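To start, the structure under review is shown below, and the notes come after it.
So you know, we letter chains A, B, ... as the sequences are listed, proteins then strands, and number each from 1. Treat the numbers as computed from the prediction; the structure is a model and nothing was measured.
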Protein chains: 2
Amino acid sequence: MTQRSQRGRRRGHGRPTLDDVARTAGVSAITVSRALRTPEKVARETREVVASAIAKVGYIPNLVAGNLASIKTRTIAAIVPTLEHSIFTEMLQGMVDVLRDEGFELILGSSGFDIREEESLIKTFLARQAEGIVLTGSFHTDEAQQLLARLDWPVVETWSLLGTPSVGSVGFSNYDAAYEMVKHLAERGYREIAFVSAVTEANDRAAERLRGVRRALADLGLPERAERIRTSEFSLRAGGESMHAIRAACPETDAIFFAADTLAAGAILEAKKCGISVPDEIAIAGFDDLEIATVIDPPMTTVRVPRRDLGRVAARLLIEATEHGFGGGVQRDLGFELVVRGST
Amino acid sequence: MTQRSQRGRRRGHGRPTLDDVARTAGVSAITVSRALRTPEKVARETREVVASAIAKVGYIPNLVAGNLASIKTRTIAAIVPTLEHSIFTEMLQGMVDVLRDEGFELILGSSGFDIREEESLIKTFLARQAEGIVLTGSFHTDEAQQLLARLDWPVVETWSLLGTPSVGSVGFSNYDAAYEMVKHLAERGYREIAFVSAVTEANDRAAERLRGVRRALADLGLPERAERIRTSEFSLRAGGESMHAIRAACPETDAIFFAADTLAAGAILEAKKCGISVPDEIAIAGFDDLEIATVIDPPMTTVRVPRRDLGRVAARLLIEATEHGFGGGVQRDLGFELVVRGST
DNA sequence: CGACTTAATGTTAGCGCTAGCACAAAGCAT
DNA sequence: ATGCTTTGTGCTAGCGCTAACATTAAGTCG
């Protein structure tokens, strides 16, 4: 028999442990554990003794230890490109709502639209034993792709339906949405259509929207001019600037489709400031259906996307996958809605 | 001698462990651990052998186990009222920037402006062994206060300087900011001033702003009328509605100070839509200095708050506290700036 | 060249919890 | 009474990692 624990606890937090509770309640540690996690398996009387012991010593469970022992962390990770664009934070809010109801926590990463940073975050979250992860889009580094492919780890991609992540994709067709908008503009009689995109590099949503615009222009026999296809950062100011740049380069332009409401709203505000009439002189369309689209004058034609639901559905799929396994990879097309208002 | 491990691993992930790496590298587990965490203590040659073994077996560290063994999680928690208001997400972005540089991760909670939910989140984050927490404001439930008081756990409060959290407060004086804005309006000659606040219940920022407005009105000898002190939810639409409601109740009102730019912007947009001239018929002031304040017409007078820095400083304080201890509780007044533009 | 540091690696004993069984006591049919 | 389930509780052995100490092989110095 080895001689041990001669001098009590050598390391540790100093916070009370399960054993402390067990000792003051006069039961074993496992009983306390059960009283907390599966109370129906503990006699009412014992439960009460344990409860008062917990209160007495001020016990707070150590989930890190519990996670290690049970190989479950009840943690889901999410990586978004930025926290400064409300479409992503609203999606996160949807996720958090569902996760919290189901007793899961969110660990959050923001990649800054950089897939290498995304890869690094993925590795961190793997190391932290997140039980699943929500990614934005389906463009990732090769290494990340390979890692995810060989790992049997629940992954959901959002905002896009192009990838084949282990659990599924939750999104809508960015291509179709952009196509529909151009079709709408054409039906309204606009022929000289410009498109202002987000940066498309490593961003499949933006790339798909651009593809949709191009295809629609071609199908409808409308002219596509390079000077009218621009990329821009996301800000109100940049929206106004893009409008001016396009009008300077191609004065005959009669409609501009922006890949984000923020840009489109900036353009409408700037147009009004400069006495340019919307939609008579120039039509403006956006993408997202943020609140500003409804209160701006004229109200903005845009594409409504179910950002809250994107988060909710992604979270549910992932929880389902952690609890009942997964395979194949479902595709949840949550659709979009063309909302026609006064700006076109 | 006890007979054990007759049939190998009984539970576990199936992912390779430190031991697997150690075995293929022909060294002990602790050497692999050191090669990863303190490479300078391992001979170059060994380091290389270990590195290739890691690559060979595809090892990903299990931080949950590491955290338990080292009693360190390198995790910081943050609780914000909502993710749907960019001032908070920008603060979080500031936090994430600093945390990631220092090798910390963020666990995020959103309380929905409900301090009971906040309390529940605090307990969860304690249980998850977060090394510190960033809270919004200094209103918490009694139980949360007591828990935090007796726990010797690093806590930083943001957006307010009123509390005495264990590590410190990072914010500015909401009272002074509101006071200054009213003073500015008075100097501009406005005398019939209205104030639209966020809900003040359990929200010390809103309560302080209201107090500042009241005090300023009193000090400056301006009339305070109950019909002109309103609370409102946060939205563009609600801003416009508040403006109408105030003008209906008190037609002589010549200036409205909104506790958020979103509200003020909604009011300006609505005013333009209705042909109400800003600032001639009614002056509008906001709070936050969001981008829209600069591009709207007229540009908006508002209070600039250092939201990104709030997050950065809070994160740094907390990291410092986890590494070198803490005591007392510092107060970092990051200040605010009255930005006067055309709307007043 | 023996005592003494330094560098590199290994051994042991947990961190605080839970899975999997073992076991006692009680209920229930036969 | 016998066997057989059910209920409540406890014991043992880890989960995968790291702190603390132990050990060995090289330098280092007067």
Side-chain angles (χ1 to χ4, degrees), chain A residues 1-23 25-50 57 59-74 126-129, chain B residues 1-23 25-50 57 59-74 126-129:
Chain A
M1 182 192 309
T2 51
Q3 67 273 41
R4 61 159 179 241
S5 68
Q6 318 253 70
R7 53 217 150 147
R9 188 195 289 108
R10 285 204 293 126
R11 302 184 311 213
H13 254 150
R15 301 225 269 252
T17 70
L18 256 196
D19 268 314
D20 297 325
V21 177
R23 214 169 303 120
V27 297
S28 74
I30 188 70
T31 298
V32 178
S33 173
R34 280 199 274 253
L36 287 168
R37 307 192 315 131
T38 49
E40 71 282 3
K41 292 189 182 168
V42 174
R44 167 196 296 277
E45 206 176 297
T46 315
R47 231 153 46 206
E48 283 162 7
V49 175
V50 168
V57 305
Y59 174 68
I60 294 168
N62 181 336
L63 292 183
V64 171
N67 291 342
L68 178 59
S70 65
I71 322 283
K72 290 198 174 156
T73 57
R74 292 191 85 75
L126 265 171
R128 288 193 183 271
Q129 312 299 114
Chain B
M1 186 187 306
T2 49
Q3 65 273 43
R4 59 158 179 243
S5 66
Q6 318 253 71
R7 51 211 153 151
R9 187 194 291 108
R10 283 205 293 125
R11 302 185 311 213
H13 254 148
R15 302 226 268 252
T17 69
L18 256 197
D19 269 312
D20 297 326
V21 177
R23 214 168 304 120
V27 297
S28 73
I30 189 71
T31 298
V32 178
S33 173
R34 279 197 276 252
L36 287 168
R37 307 192 317 132
T38 50
E40 72 282 4
K41 291 188 183 168
V42 174
R44 167 196 296 277
E45 205 176 299
T46 314
R47 231 154 47 207
E48 284 163 6
V49 175
V50 168
V57 305
Y59 174 69
I60 295 167
N62 181 335
L63 292 181
V64 171
N67 291 341
L68 178 60
S70 66
I71 323 284
K72 289 197 174 153
T73 58
R74 290 191 87 75
L126 267 170
R128 288 193 184 268
Q129 311 300 113

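Nearest heavy-atom pair, A/Arg47 versus A/Ala35, reported as atom, atom and distance to 0.1 Å: CG-CB, 4.5 Å.
Comparing C/dT18, C/dC15, D/dC17 by their nearest atom to the side chain of B/Leu18 picks out D/dC17. Residue B/Val42 has its side chain nearest to C/dT9 when only C/dT9, D/dG16, D/dG14 are considered. Comparing D/dT9, C/dA19, C/dA8 by their closest approach to the side chain of A/Ser70 singles out C/dA19. Checked against C/dG16, D/dG16, D/dG8, the side chain of A/Thr17 finds its nearest nucleotide in C/dG16. Set against C/dG16, C/dG14, C/dA8, the side chain of A/Leu68 has C/dG16 as its closest nucleotide.
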Pairs under 3.5 Å (N/O, protein and nucleotides 23-27 of chain D):
none

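A salt bridge (charged side-chain N to carboxylate O under 4.0 Å, His left out) check over residues 65-74 of chain B, counting only residues at least two apart or in different chains, returns the pairs B/Arg74-B/Glu323. Legend: side chain to side chain donor-acceptor pair (under 3.5 Å) pairs involving residues 31-42 of chain B, not counting sequence neighbours, sorted by first then second residue: B/Ser28-B/Thr31.
Nucleotide C/dG16 holds its P atom 12 Å from the CZ atom of A/Arg23, rounded to whole Å. Going from atom CD of B/Glu40 over to atom C1' of C/dT9 covers 15 Å, rounded to whole Å. Nucleotide C/dT9 holds its C1' atom 18 Å from the CZ atom of B/Arg44, rounded to whole Å. Spacing between atom CZ of A/Arg74 and atom P of C/dC17 amounts to 18 Å, rounded to whole angstrom units. Atom CG of B/Asn67 and atom P of D/dT18 are 9 Å apart (whole Å). Atom P of nucleotide D/dC15 and atom CG of B/Leu63 are separated by 18 Å, given to the nearest angstrom.
To the nearest 0.5 Å, the span separating CD1 on A/Ile60 from CG on B/Leu126 amounts to 4.5 Å.
Sorted by residue number, the members of residues 25-38 of chain A with any non-hydrogen atom under 4.0 Å from DNA chain C read A/Ile30, A/Ser33, A/Arg37.
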Legend entry - Verdict with supporting geometry, A/Asn62 and B/Arg128, side-chain contact (heavy atoms from CB on, under 4.5 Å): CA-CA 6 Å; A/Asn62 181 336; B/Arg128 288 193 184 268; over 6 Å; no
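B/Val50 places none of its side-chain heavy atoms less than 4.5 Å from the side chain of B/Val42. With contacts defined as side-chain heavy-atom distances shorter than 4.5 Å, the pair B/Val32/B/Val27 qualifies. Residues A/Leu36 and A/Tyr59 are in side-chain contact: their nearest non-hydrogen atoms beyond the backbone lie under 4.5 Å apart. No side-chain heavy atom of A/Arg23 sits under 4.5 Å from any side-chain heavy atom of A/Val57.
In this structure, B/Ala65 and B/Arg47 both approach DNA chain C, and ranking their closest nucleotides by distance from the 5' end singles out B/Arg47.
Each end of the helix from C/dC1-D/dG30 to C/dT30-D/dA1 gets its own rotation axis from five pairs of C1' atoms, and the angle between them is 30° to the nearest 10 degrees.
By the side-chain contact (heavy atoms from CB on, under 4.5 Å) test, A/Ala43 pairs with A/Thr46, sequence neighbours left out.
At a threshold of 4.0 angstrom between heavy atoms, the contacts of A/Val64 with the nucleic acid are absent.
A/Thr73 places a side-chain N or O within donor-acceptor distance of the main-chain N or O of A/Gln129, the cut-off being under 3.5 Å.
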